Each structure stands twice: as C-alpha cells, then as structure tokens.
Number of protein chains: 2
Amino acid sequence: MLSKKTKYALHALTYLGKHQEQGTVLIHDIAEEYGISHKFLENILLELRKAGYLGSKKGKGGGYYLIKDPKDIPLSRVIRLLDGPIAMLPCVSLNYYEPCAECKDESKCGINKVMIQVRDETLKILENKTLEDILKGE
Amino acid sequence: MLSKKTKYALHALTYLGKHQEQGTVLIHDIAEEYGISHKFLENILLELRKAGYLGSKKGKGGGYYLIKDPKDIPLSRVIRLLDGPIAMLPCVSLNYYEPCAECKDESKCGINKVMIQVRDETLKILENKTLEDILKGE
DNA sequence: ATAAAACCTATAAAAATTATAGGGTTTATA
DNA sequence: TATAAACCCTATAATTTTTATAGGTTTTAT
C-alpha cells in the first residue's frame with residue numbers, strides 16, 4: 001500500500017494538473033479540497049518541488065504550480081520519492097539496494113531471482129502510468 | 001516493500017519445498033538456516049498452517065511440512081496473508097476495500113481509475129509467480 | 001514418565017508513519 | 001515602507017505498525 005504521503009502527493013499533483021491555467025495554487029486550497037492537514041501537505045509539496053516537479057512563488061499571491069508536463073511524471077517517480085523502493089525486497093532494489101541478511105549467496109537465492117522479475121514487470125507498469133493518465137480519468 | 005514477516009514466510013516455504021522428502025522440518029532448523037528468531041518464525045508458520053499451506057505434527061519427531069503443491073502457492077496469496085492488500089490504495093483493494101477519505105466520488109477519481117489498472121496488472125504478475133518458480137531458481 | 005516439539009495468546013520493544021509546531025524568509029501592495 | 005500573505009525549513013510529538021519476546025499449554029514418540 002502507498003503511504004498517505006504518496007497518496008496525498010498524487011492528489012496534490014492531480015489538483016495542480018487540473019489548475020495549470022490559474023498560475024499558482026495555494027497549499028491551503030489543496031488541503032481544503034481533500035481534507036488534508038495543511039502542514040502535512042506543506043512538507044509533501046516541498047519535497048515535490050525539491051525533486052523538480054513543482055515550482056513555487058513565495059509571498060503574497062504566491063503558491064505552487066506544475067513545472068513538468070504531466071506525461072513526464074510517472075507513478076514510479078512519485079512513489080520512489082515519497083515511499084522509497086518499489087522493489088519488494090532490498091536485495092532487488094535498483095535505487096535502494098541492500099543485501100538480505102538471510103542469504104549467504106544472492107546468486108543462488110530463488111526468491112531473489114523471482115523478485116527481480118517481479119520488480120522488472122512492476123516497474124514497466126509504474127513507469128508507463130503517468131500523471132497524464134490520472135488527469136484523463138478525472 | 002514486503003514486511004520481514006512475508007520475507008521470512010517465503011524463506012520458510014522455500015526451505016520446506018526443498019526438504020519435502022524428509023517428512024517434517026523443525027522450526028528450529030529453518031530459523032537457524034536463515035538466522036531468524038525462532039519465536040517470530042513460529043508465529044509465521046502457524047499462520048501459514050492455518051491458511052492451509054502447511055501441515056504440522058506435534059510432539060517429539062514433529063515439525064512442519066508443505067501440504068500444497070508449490071505451483072499452487074502464488075506470491076499473491078502469501079503476500080495477502082501476511083502483509084495484507086496488494087493494491088496500492090484501500091479504495092481499489094479487492095480483498096480489503098475501504099473508501100478513501102479524500103474523494104467525494106470514487107467514480108470521478110482519476111487516481112482510483114489508474115490504480116485499478118495498476119492493481120490488475122500487478123495481480124497478474126503475482127498470481128503467476130509461485131513457490132515453484134522460486135524453487136526452480138535455487 | 002520424560003523430553004521434544006508445535007500451539008496459542010498476550011505483551012513489550014522498536015521503527016516507521018503521520019501530524020504538529022513555530023519561527024524564518026520572501027513578496028505584493030496599500 | 002509597513003503589513004499581511006504565503007512558502008521555507010527543521011525539529012519534535014503522537015500514533016500506528018512492525019518486529020520480537022515471553023511463557024505457559026498440549027501433543028506425541030520413546
């Protein structure tokens with residue numbers, strides 16, 4: 001399951017995607033729309049900005065806005081940013097690899113082998129679905 | 001990421017699959033093989049038995065053994081049993097459905113729509129990979 | 001009888017997630 | 001240029017989930 005953080009991030013991105021023409025959007029408005037804590041959402045938007053998905057404008061009249069084309073924001077990226085690894089085990093993670101304590105030899109581990117396949121197939125899905133797909137469904 | 005519980009369950013099932021001929025296997029032996037806490041593993045094996053994957057024999061000379069054919073133990077089942085939902089959001093879970101608090105109308109939620117697709121494609125993968133596939137890789 | 005081994009339930013410890021708090025900085029505008 | 005609006009940043013608190021332990025119960029081979 002996705003964390004609330006990631007779920008809220010997706011909601012926020014969706015909202016921003018739907019309001020691209022209006023220039024900037026207030027954290028407040030997004031928080032209100034979905035009933036999310038303002039402060040919690042603030043942290044999430046901050047992360048999304050630092051990761052290069054959003055731009056922001058400070059001060060009166062400021063707010064957030066999308067700076068990437070929705071079709072260039074795959075689910076995989078959003079999930080990795082906020083939830084961490086997509087792989088099911090540390091020992092098959094591309095971005096957050098760690099050896100498993102239980103295995104003496106990874107190359108002889110059947111779980112490892114299967115999980116690499118699962119990871120690759122899962123990635124294919126999550127890299128292909130983008131914010132654009134979400135927006136099309138709204 | 002899978003919980004340790006699920007990871008340990010997969011190790012245990014793999015071990016039991018590899019030692020099917022020996023009749024019963026001690027919790028102790030599995031725990032030792034992978035460096036897992038005996039007591040923690042005990043709870044996991046208990047769940048696997050209750051779910052119909054394992055049989056057990058009490059008393060001296062007892063232990064656990066597989067009662068399902070490895071090809072009839074898909075990853076999806078093991079994960080659901082120990083980790084819960086496979087879906088990324090409660091609102092698209094087949095087995096653990098709950099509405100999302102943020103959505104007024106699920107049928108108009110683009111996230112919901114996309115996540116249903118992700119769920120279906122993910123399930124296809126996890127239902128097709130079984131303990132047999134793991135055992136083949138050992 | 002004894003010892004081995006699974007069974008069962010409760011609880012404790014640790015880690016991760018979720019949420020809040022509070023001041024700092026920037027900026028439009030009156 | 002004072003003010004208020006709004007994002008920025010970091011720390012910490014609260015909650016929930018996960019992980020682990022504990023301790024006795026029951027069954028069974030010998």
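From a predicted model like this one, the values you see are computed outputs, not experimental measurements. Each chain gets a letter, A, B and so on, in the order the sequences are listed, and its residues count up from 1.
- At least one donor-acceptor pair closer than 3.5 Å links the side chain of B/Asp133 to the backbone N or O of B/Thr130.
- Between the CD1 atom of A/Ile44 and the P atom of C/dT18 there is a distance of 9 Å, rounded to whole Å.
- Taking side-chain N and O atoms only, A/Ser56 has no distance below 4.0 Å to OP1 or OP2 of D/dA6.
- Distance CG (A/Leu54) to P (D/dA6): 18 Å, rounded to an integer number of Å.
- Proximity of B/Leu82 to B/Glu47: side-chain heavy atoms (C-beta onward) are separated by under 4.5 Å at one or more points.
- Residue B/Gly61 is the one, among B/Lys50 and B/Gly61, whose nearest nucleotide of DNA chain C lies closer to the 5' end (criterion: closest heavy atom).
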For nucleotides 19-28 of chain D, just jot down a letter per nucleotide in 5' to 3' order: B, S or -, based on protein non-hydrogen atoms under 4.0 Å.
SBBBBB--BB
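- Counting to the nearest Å, the P atom of D/dA11 and the CG atom of A/Leu46 are 14 Å from each other.
- Between the CG atom of A/Leu26 and the P atom of D/dA4 there is a distance of 18 Å, rounded to whole Å.
- Residue-level contact check: A/Leu45 touches neither bases nor backbone, having no heavy atom under 4.0 Å from any strand.
- At the phosphate of D/dA6, neither OP1 nor OP2 sits under 4.0 Å from any side-chain N or O atom of A/Arg49.
- Using a 4.5 Å heavy-atom threshold, the side chains of A/Tyr65 and A/Val25 count as separate.
- Between the side chain of A/Asn128 and the main chain of A/Lys124, a donor-acceptor pair closer than 3.5 Å is present.
- Here the side chain of B/Gln20 pairs a donor or acceptor atom with the backbone of B/Gly17 at under 3.5 angstrom.
- Paired with B/Met88 under the rule side chain to side chain contact (heavy atoms under 4.5 Å, CB included), one option of A/Thr6, A/Leu126, A/Asp83 passes, and it is A/Leu126.
- In this entry the distance linking CD1 of B/Ile27 with P of C/dA4 reads 15 Å, nearest Å.
- Distance A/Leu82 CG to C/dT17 C1': 13 Å, rounded to the nearest Å.
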